[in-house]
Structures are given as structure tokens and as C-alpha cells.
Amino acid sequence: MPSSSMAKTLVKTFLKSPHSLKTKIQAKQLHAQFLKTQPYSPSSTSILISIYTNFNLLQHSLFLFNSLNSPPFLAWKSIIKCYSSSGLFANSLTCFVKMRSFGVYPDHTMFPFVIKACVFLKNLRLGESIHGCIIRMGLDFDLFAGNALLNMYAKFQSLQLTGGCKVFAFNVFDGMPKRDKLCGRLAQERDKSVVGLDSVAKVLETMPKRDVVSYNTVIAGNAQNGLYEEALRMVREMGNANMKPDSFTLSSVLPIFAEHVDVMKGKEIHGYAIRHFFDSDCYIGSSLIDMYANCARIEDSCRVFNLLSKRDDISWNSIIAACVQNAVFDEGLKLFRRMLTAKVKPRDVTFSSIMPACAYLTTLHLGKQLHGYIIRGGFDDNVFIASSLVDMYAKCGNIKAARWIFDQMEHHDMVSWTAIIMGLALHGHGRDALSLFKQMEKDGVKPNYVSYIAVFTACSHAGLTDEAWHFFNSMSQNHGIKPGLEHYAAMADLLGRAGKLNEAYEFISSMHIAPTGSIWSTLLSACRVHKNLELAEKVAKEIFKVDPENVGAYVLMSNMYAASRRWKEAAKMRIFMKKKGIRKEPACSWIEVKNKVHTFISGDKSHPLYDRIFQALKDLLEQIEREGYIPETNEDFHDVDEEQKKYMLFSHSERLALAFGIISTPAGTTIRITKNIRVCVDCHTAIKLISKVVEREIIVRDNSRFHHFKDGKCSCRDYW
DNA sequence: CTAGGGTTAG
């Protein structure tokens, strides 16, 4: 317990040197002592405020500040600083303006705080007038104020609030005219042409003194504005000026190499960071994670993450996003759970990073849980999150929910439009998708490369050939987007499905980039659907030219030969595959029941309820045969008898999943199944009839689209 | 006074 004599010593020491106070406790003891022994003298109160401010005790500072009728300079300065470092930038600025109205002038140490506040509040006008104030007071050569201004103008540049950069242009080009004149001119010239970020760099040149912070600020400013060459040039210049890049420099530079997918340069930076003991730095860590992830080196991302000694929310977000972007969804979800366990609060970025994992894995229950979390956290008006939700609901088979979320959005950007258009397309609502696309153009939102993939997907699944041609032409003519592989693939697919096989062949042959195996493959499967073996052989040749290991082509050809009873050729295809050691990916379906995902591989009897599933399939078969079902068995097998073939069709993974879904959910429940490859014709027919006899809606997502089965019909109208 | 992470892709 402190005695009163101790307190008195404290006061003595304090008055001699206020900064000797080392702890909050001491500050409070001092405050108590002041209350006892002295009246509220403005100057001692101000000193006390500044001490509380140094400990960032805003409430204590405020309490004292409010007791002052006419606060002296130090009190203003402290309270403004305290507001700023507590993140209360609006209060900080209000205070600053109020201080000026009291006739109190700021000093050079105050400007960095208020300028930072202007940046945070995106208040360009106030920022400019504060800059004017700095000039009028002749403090424009102050290093800290200058750095703060550099940062402010660079940030406003990235926000495209470009008016301010002219200030620097005047500074530079007018060779510093009389200050008052300059300020007057500024107001007049405000709306003249944009000078841009290079003027920020030029100011750097006129600064009498520059430190690492000045360089870092300009480097970051350039990097954030996409001026990568300039940013790197500044790094070299910084070195020439005998200043060493520090952790700030590196974390600004790394995203450049992530963007350029330049892992060698990225590794150089990583090496530099290790040599200079920056590698445990949180900021560099997340840049490194992102850089490696962008270069498809997810293992390296994980290594960096695991070696981090300190992790904040951004480190977690980075590694989660890294996993999801590299299709390591399970790991991403695991890390998300670990993040929650580690008591790190997820943020908006976390959700938009993790949501695609639910979309790809079709884990609707997880997606819904996350949606709940998002609503509770008040993140649901974030465009990134809303778009990812639209996508997730669409991919998980709930197009109505996707549409609802889209309609709830206040503001639609290109990505959210594209997400809903793609969703509708995958669910076979081609016309709705196209009318939304037109709506988007009407709203003045420019489509990009991806939007057109969605458009062609819509045309493809609805068989809208003419519309597709129209969009294919207007894509380059009206929007200057060159067709890429994905567009060609979608167009080829569309022509093929529509049975225009020769048109498709011509189309692919006349592409301005070399067609890939996968583009030819779309035509090959169209040949199978339309039973054109002759063209198929021609197409297969093309495929094997560019991609001799294309599994799908071998399988398809083998099946087509078998279907026309040309067993020898069929066998030849299988022998080729064996020789090359390539294997067909096993067919696999999965279904969510009671928040658990059940996976079925075709022919797999290992499910604990297999006996009941088999029995259910047998019962269903009897029921649908009464509805007129005839198994289509001519395609896949040739050396087994008809009765056996029927049972072999049983083993298709989607049927196992479907039967399991029927026996383990209450009557009437919608069944959602996901499959890794396309549904076969026989299963498609069977599931249509099953939807009728069990009176349920059955939604199957294959690798191509959604099929909504209901009352014996499918939403694809047998066109897929 | 300066730095890092996010949504759409047959």
C-alpha cells in the first residue's frame, strides 16, 4: 500500500520529469494525490491528461479534459492523440476543429494524428485544409507531417479521390511559391486534371529529409495502386539511399509477386526476411502465405503458417483462403474450426474465404450455419459475403434461397450478378439467367470474362443456340473481351448438345487458340449422346494428338464401341488404358443426412446399412417397372446376362445414395445428392420415376449441372 | 507517420 509520503515523492518526481512515470498504477496514485492536495490547475491537469494518454486510458483523460473550461494546448493535443490511438477518429477530428475554434494552434506533432483520422474517414476536404494549415504554419518540411501527408494522398489515390494529388503537383512544379497564394490557388484548381500518384513520388524527391517510412509509404502506395514497376523501382532507390528495406517494405512488395505468380522472386524476399529476422513477423507471414498460395504452393503456405510465432486474425484468414483457393477444402474447414477454438474472432473476410468450400463440397448444413453466424455478426450486407452466399446456396441445390439473397442485396456488383446468373444457368433456368444478364447491362454493370462463361452455360443448359451466337459475337464487339478456352468450351458444348455436331467440329477447328483435349472432349460426349461413331473417331484422334492420356476419351470410345457391338475395338481401348497405366476415376456420390455426409462409391457395399439399401433398391425397381421402366443396359457391359445387368445398374453410386436418402429421411423430404461425374441415362430415367413413386423432390448435382426431379419429370427436360 | 487477408470460372 502506498503511504502518503510515497505519493508526495511521486508528485515531486513527476513535476521534475513527467515521463519517469512507468505504470498506470503510479499515474492513478498521482491523480488521487492531485485531487487531495491541489485544486484543478489547468496546466497540471493537462500534464496528467497527457500521462493518461500515454497509457491510452481514454476515459480517464476524458474525465479530466471535461473538467477544463478553456483547455490549454497540451490538453487538446493529448485528447486528440488519445482519440486517434483508440480508433475514435471522428471524435479526434471534431476535437481538432473545436480546438481551432478556441483559437488554439496545433503543433507539428499533432498533424500525423489528425491526418490519419482524415484518411480513415476518407475526408479529403478536411485533409486538404489541414495540409493548408501545415503550409501556412511553415511546417511542411516536418518529416512526420510530410510522411502522413504522403500516405494520405496515396490512400486517396487508391480510393480515386484524386483531387488532392494536385497539391503535390503545385509543390513540385511551382517551386514553392508564396504559401498563402498557393492555398488560394488550390481551391480554384481543385477540379482540374488528375495528376496521379507519380506526383506523390515527386514530392518525395522534394522532401528535404526522407526516412524509411517515407519510402515505405510511397512503395505501398504504388503497390496498392497496381504500379508495380514503380514500387520496385522505389525499393531499389531506397537501397541506393542507404536505407534497408524493413518488414513494412517487404509486406508491401510481396503481394506484387503473388499477383505476378513469380515464386522465385517471392522466395528471394522470403530469404531476405529470414536473414534479417523478419520471418516471424505477422504481416510478412500473411503476405508469404498468400504469395505461395497464389503460386499454387499450398504446402509452403502451410509451412509458413505453422512457423509463425504469433498469429492474428489476418494470418488465419490468409491460410484459410489459401487452402480454399487451392481446392484443399477439408483443410480449410479444419483451420476455420481451429481458428474458432483459438478464440480468434472471424471477420467478414473469413466468411467470404470459407464459403466457397461449402459451395464446392455441397455441405448445405455448414453453409447455413455460417449464414447464421454472418447474420448474427451483422456481415450480411457485405457484397463479397452476399455473393459467396448466392453461390453457395445455388451450388448446394437451393436456387430459391440464392435468388432471395440476391434480391435482398442493396447494391449488385459484377460478381454478384455473375454468381446468380451462373446459379440459374446450372439449375436450367436459362431464360431467367439471360434476362438477368440483360438487366445487368442495363444497370450499367460491365460484364467480364467470367460473366460470359455464365451466359454460355445458361445457353448451353437451355439449348439456346441463337442467343449464344449473339452473345459470342457481342462479347468481343461490345465489351472487348476476347473469347478464351472456357468460352470456346461452353460454345462447343452447346452446339454439341443441340446435335449440331458438324457445326461444333467446324467451330473448334477454327478457334484462334489451339483447342485442348477437354474442348474436343465436350464434342466427343455429344457424339455419344447423338450416337455418331464416325465423327467420334475423328474427334478422338484429335484428342489423343494433344492429350494422349485423356482417360475420359478412352472410356467414352470404349463404351461407344461396345454400344455398337464392336467388342474388339472396345477391348483395344481398355488395353491402351492398361498399358498407359491410366485409370478411370471411380464414380462417387454423396448425400447429407442429419448433418453428416455419407459417401458412396459405385459398387461399394461397405455402408453399414447396405442390406437395407439393397432391399430398398429392389423394392424401388419393382415399383418403377410397374410405371414402365426398362433398364437401358446396352452401353456399359457386354458379357453378362440381362438380369445381372439390371443389378449392376443398382450399384451406380447415385442410386445407392438415393436409396439411403429415402430410407433415412421422413416421407416428403427433399433429397439432395451430389455426384462427381455426369448422371447416366439409365439412372436419369430411373430417378425420374422414383421421384414419382416416392412422391419426393430429388435434386442431383453432377459435375455439369443440377437436375430437379419431381413427379416423374426432370428440370433439364432430358436435355443435358 | 508506413505494411498483410476476401466473392463469380462447363
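Sequence lines set the chain letters: A, B, ... in the order given, protein chains first and strands last, and positions in each chain run from 1.
Backbone-only contact: A:Asp391 has heavy atoms under 4.0 Å from sugar-phosphate atoms and none from a base. Base engagement by A:Arg347 is indicated by at least one non-hydrogen atom pair under 4.0 Å involving a base atom. Contacts of A:Ala489 with the nucleic acid, taken as non-hydrogen atoms under 4.0 Å apart, are absent. As judged by a 4.0 angstrom heavy-atom cut-off over every strand, A:Ser287 is placed among residues touching the sugar-phosphate backbone only. Contact annotation for A:Val390: no contact, since no heavy-atom pair falls under 4.0 Å across all strands. Among the protein residues, A:Asn382 comes within range of the nucleic acid bases, having at least one heavy atom under 4.0 Å from a base atom. When heavy atoms are screened at a 4.0 angstrom cut-off, A:Thr217 is found touching the sugar-phosphate backbone but no base atom.
The base of B:dG4 sits within donor-acceptor range of the side chain of A:Ser286, with an N or O pair under 3.5 Å. Remark: the A:Ser387 side chain and the B:dT7 base include a donor-acceptor N/O pair separated by less than 3.5 Å. Contact annotation: side chain of A:Ser251 to base of B:dA3, donor-acceptor pair present below 3.5 Å. Contact of A:Asp281 with B:dG4 (side chain to base): no donor-acceptor pair of N or O atoms is detected under 3.5 Å.
The distance between atom CH2 of A:Trp316 and atom P of B:dG4, rounded to the nearest whole Å, is 22 Å. A:Ile481 has its CD1 atom 13 Å from the C1' atom of B:dA9, to the nearest Å. Nucleotide B:dT8 holds its P atom 15 Å from the CZ atom of A:Phe406, rounded to whole Å. Taking atom CZ of residue A:Phe278 and atom C1' of nucleotide B:dA3, one finds them 12 Å apart after rounding to whole Å. Computed from coordinates, the A:His108 NE2 to B:dC1 P distance equals 14 Å when rounded to whole Å. Atom CG of A:Asn326 and atom P of B:dA9 are 16 Å apart (whole Å). Atom pair A:Ile269:CD1 and B:dA3:P shows a separation of 17 Å (rounding to whole Å applied). Rounded to whole angstrom, the span from the CG atom of A:Asn216 across to the P atom of B:dC1 amounts to 14 Å.
For the OP1/OP2 pair of B:dA9 and a distance below 4.0 Å, the side-chain nitrogens and oxygens of A:Lys395 include at least one atom meeting the criterion. Taking side-chain N and O atoms only, A:Asn147 has no distance below 4.0 Å to OP1 or OP2 of B:dT2. The shortest distance between the side-chain N/O atoms of A:Tyr360 and the OP1/OP2 oxygens of B:dA9 is below 4.0 Å. Within the structure, a side-chain polar atom (N or O) of A:Lys116 is placed less than 4.0 Å from OP1 or OP2 of B:dT2. Residue A:Lys155 places no side-chain N or O under 4.0 Å from the OP1 or OP2 atom of B:dC1.
Between the side chains of A:Asp211 and A:Ser214, at least one donor-acceptor pair of N or O atoms lies under 3.5 Å. Side-chain polar atoms of A:Lys395 and A:Thr362 form no donor-acceptor pair below 3.5 angstrom.
Not counting sequence neighbours, A:His487 has no partner by the side-chain hydrogen bond (donor to acceptor under 3.5 Å, both in side chains) test. Looking at residues two or more places apart in sequence or on another chain, you find a side chain to side chain contact (heavy atoms under 4.5 Å, CB included) between A:Ala454 and A:Thr418, A:Ile421, A:Met422.
In this structure, the aromatic ring of A:Phe144 is positioned over the six-membered ring of the base of B:dC1, centres within 5.5 Å and planes within 30°.
Comparing B:dG4, B:dT7, B:dG6 against the side chain of A:Ile385 picks out B:dG6 as the nearest.
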Quiz item: Could you go step by step and tell me if A:Asp702 and A:Lys675 meet the salt bridge (Lys or Arg N to Asp or Glu O under 4.0 Å) rule?
Solution: CA-CA 5 Å; A:Asp702 65 13; A:Lys675 199 187 168 190; over 6 Å; no
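Annotation: cation-pi geometry not satisfied between A:Lys116 and A:Phe89 (NZ/CZ under 6.0 angstrom from ring centroid, within 45° of ring axis).
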